[in-house]
Amino acid sequence: MTPLAHILALPIRAYRLIFSPWVGFNCRYQPTCSAYALEALEKHGPIKGAWLAARRIGRCHPWGGDGYDPVPDDTPDAP
């Protein structure tokens, strides 16, 4: 992970450590949004990873979807 991605991961890790045990398991998706964000930052770096995490959190609402939603791979599309 790049240094900027580590900095962006700090609030996510703090949420998982401090607030997540109190809130409980209420995530609509698997993996959870915080696990998705950490994996996206690790796989795609700070810019694209933060964008993917923000999109995922934006989809997490009562009228949104649910189920298995993995982080997309970094492979480019074949021509």
If I take atom [atom1] from residue [X] and atom [atom2] from residue [Y], how far apart are they, to the nearest 0.5 angstrom?
| X | Y | atom1 | atom2 | value |
| --- | --- | --- | --- | --- |
| Tyr15 | Ser20 | OH | OG | 4.5 Å |
| Ser34 | Arg16 | OG | CZ | 4.0 Å |
| Arg28 | Arg59 | CZ | CZ | 12.0 Å |
| Met1 | Lys43 | CE | NZ | 12.5 Å |
| Ile7 | Thr2 | CD1 | OG1 | 8.5 Å |
| Cys33 | Ile12 | SG | CD1 | 10.5 Å |

Grab the two heavy atoms, one from [X] and one from [Y], that are nearest each other, plus how far apart they are.
| X | Y | value |
| --- | --- | --- |
| Asp69 | Tyr29 | CB-CD2, 3.8 Å |
| Leu38 | Ala9 | CD2-CB, 3.7 Å |
| Tyr68 | Pro31 | CE1-CD, 4.3 Å |
| Ala50 | Leu41 | N-CD2, 3.8 Å |

Query raised in the report: Hey, does Gln30 have a side-chain heavy atom less than 4.5 Å from the side chain of Asp66?
Result: no
Query raised in the report: Hey, is the main chain of Leu52 close enough, under 3.5 Å, to the side chain of His44 for a donor-acceptor pair?
Result: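 Side chain of His44 to backbone of Leu52: no pair is present.
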**Report entry** Stepwise side-chain contact (heavy atoms from CB on, under 4.5 Å) test for Arg56 and Val71
**Finding:** CA-CA 10 Å; Arg56 167 69 177 272; Val71 176; over 6 Å; no
